[in-house]
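Below you'll find the structure, written out as structure tokens, and then a few comments.
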Amino acid sequence: MSDILEQLAQVLEARKEADPETSYVASLHQKGLNKILEKVGEECTETLLAAKDAEHSGETRDVVYETADLWFHSMVMLSRLGLGPKDVIDELASRFDLSGLEEKASREQ
Ligand SMILES: N=c1c2ncn([C@@H]3O[C@H](COP(=O)(O)OP(=O)(O)OP(=O)(O)O)[C@@H](O)[C@H]3O)c2ncn1[C@@H]1O[C@H](COP(=O)(O)O)[C@@H](O)[C@H]1O
């Protein structure tokens with residue numbers, strides 16, 4: 001799994017107990033789950049608007065920026081519920097059919 005996602009998850013855990021005056025993540029936790037979900041919804045809308053613009057303009061920078069905001073707020077939501085990026089990565093991995101790749105690797109040896 002991405003080291004960055006895992007390191008960010010560790011920072012998010014630590015920020016649960018931080019000062020809401022100085023930590024954005026702590027301020028979200030102080031406001032509660034509904035505020036965190038509101039931010040996930042906002043970032044989702046901003047991401048899809050950026051994607052629609054990108055299809056017309058060919059400029060993809062905003063899509064990457066808004067998707068990072070969406071992933072970040074989704075990670076705060078997961079953290080709030082005692083989950084982390086590993087839970088999602090494991091779920092994706094369980095859906096991923098590795099059989100074709102393993103077969104190809106053994107042919108190449
Ligand atoms: N990756 C991020 C990150 N991405 C986005 N944001 C914040 O998410 C918010 C995005 O919301 P908006 O775009 O709606 O901006 P806004 O109008 O300021 O937000 P609201 O007032 O509506 O809540 C901004 O305040 C950004 O600063 C982030 N804040 C923090 N992090 C990471 O989280 C770590 C802990 O942050 P603190 O809790 O602030 O120490 C940091 O070290 C960073 O690595």
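Hydrogens, waters and symmetry mates play no part in the numbers below; they use all other heavy atoms, side chains included. When a ligand or atom number is given, it counts from 1 through the structure's own listing order.
Distance remark: protein heavy atom present below 4.0 angstrom from atom 23 (O) of ligand 1. In this structure, atom 41 (C) of ligand 1 is not in close contact with the protein, since no protein heavy atom lies within 4.0 Å of it. Per-atom contact check: atom 18 (O) of ligand 1 does not touch the protein, criterion being a heavy-atom distance below 4.0 Å. Within the 4.0 angstrom cut-off, atom 26 (C) of ligand 1 has no protein heavy-atom neighbours. At least one protein heavy atom sits closer than 4.0 Å to atom 31 (N) of ligand 1.
Judged by the shortest distance from any of its heavy atoms, E46 lies outside the 4.0 Å radius around the atoms of ligand 1.
Of all protein heavy atoms, the one closest to atom 5 (C) of ligand 1 is D69 OD1, 3.4 Å. In this structure, atom 38 (O) of ligand 1 lies nearest to the protein heavy atom S23 OG, 2.5 Å. Here the protein heavy atom with the shortest distance to atom 43 (C) of ligand 1 is L8 CD1, 4.6 Å. Nearest protein heavy-atom neighbour of atom 34 (C) of ligand 1: V11 CG1, 3.9 Å. Nearest protein neighbour of atom 8 (O) of ligand 1, counting heavy atoms only, is Y24 CE2, 3.2 Å. The protein heavy atom nearest to atom 28 (C) of ligand 1 is F72 CE2, 3.4 Å.
Here the shortest heavy-atom pairing between V63 and A50 reads CG2-O, 3.4 Å. When all heavy atoms of L28 and H73 are compared, the pair lying nearest together is CD1-CD2, 4.0 Å. Among all heavy-atom pairs drawn from A9 and M75, the shortest one is N-CE, 3.8 Å. The shortest heavy-atom contact between C44 and L70 is N-CD1, 3.8 Å. Nearest heavy-atom pair across A26 and S23 is N-OG, 3.0 Å.
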Check: Does the side chain to side chain contact (heavy atoms under 4.5 Å, CB included) test come out yes or no for V88 and L78, once each step is laid out?
Finding: CA-CA 9 Å; V88 180; L78 290 171; 3.8 Å; yes
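The hydrophobic clustering, which links ILVMFWY residues whose side-chain heavy atoms are closer than 4.5 Å, places V11 and V76 apart. By the criterion of side-chain heavy atoms lying less than 4.5 angstrom apart, applied directly or through intervening Ile, Leu, Val, Met, Phe, Trp or Tyr residues, I36 is grouped together with L8 in one hydrophobic cluster. No single ILVMFWY cluster, assembled from side-chain heavy atoms under 4.5 Å apart, contains both F72 and L48. Tracing side-chain contacts under 4.5 Å through hydrophobic residues (I, L, V, M, F, W, Y), one reaches L83 starting from V25; they form part of the same cluster. Residue L12 is grouped with residue V40 when hydrophobic side chains (ILVMFWY) are merged at heavy-atom distances under 4.5 angstrom, including chains of intermediate members.
Ligand 1 has a nitrogen or oxygen under 3.5 angstrom from a nitrogen or oxygen of V25. Taking any N or O of T22, backbone or side chain, none lies under 3.5 Å from an N or O belonging to ligand 1. Remark: ligand 1 and K35 share no N or O pair separated by less than 3.5 Å (distance only, no angle test).
Electrostatic pairing of K52 and E55 does not count as a salt bridge here, judged by no charged N lying under 4.0 Å from a carboxylate O.
Less than 4.0 angstrom separates some heavy atom of E42 from each of these atoms of ligand 1: 14 (O). Numbered from 1 in the order shown, with element, the atoms of ligand 1 that lie under 4.0 Å from a heavy atom of H73 read 8 (O), 10 (C). Within the listing of ligand 1, atoms 35 (C), 37 (P), 38 (O), 40 (O) sit less than 4.0 angstrom from a heavy atom of R15. Near E43, meaning under 4.0 Å from one of its heavy atoms, ligand 1 places the atoms 10 (C), 11 (O), 12 (P), 13 (O), 14 (O).
Nearest-residue assignment for atom 16 (P) of ligand 1 (options K39, E66, M75; heavy-atom criterion): K39.
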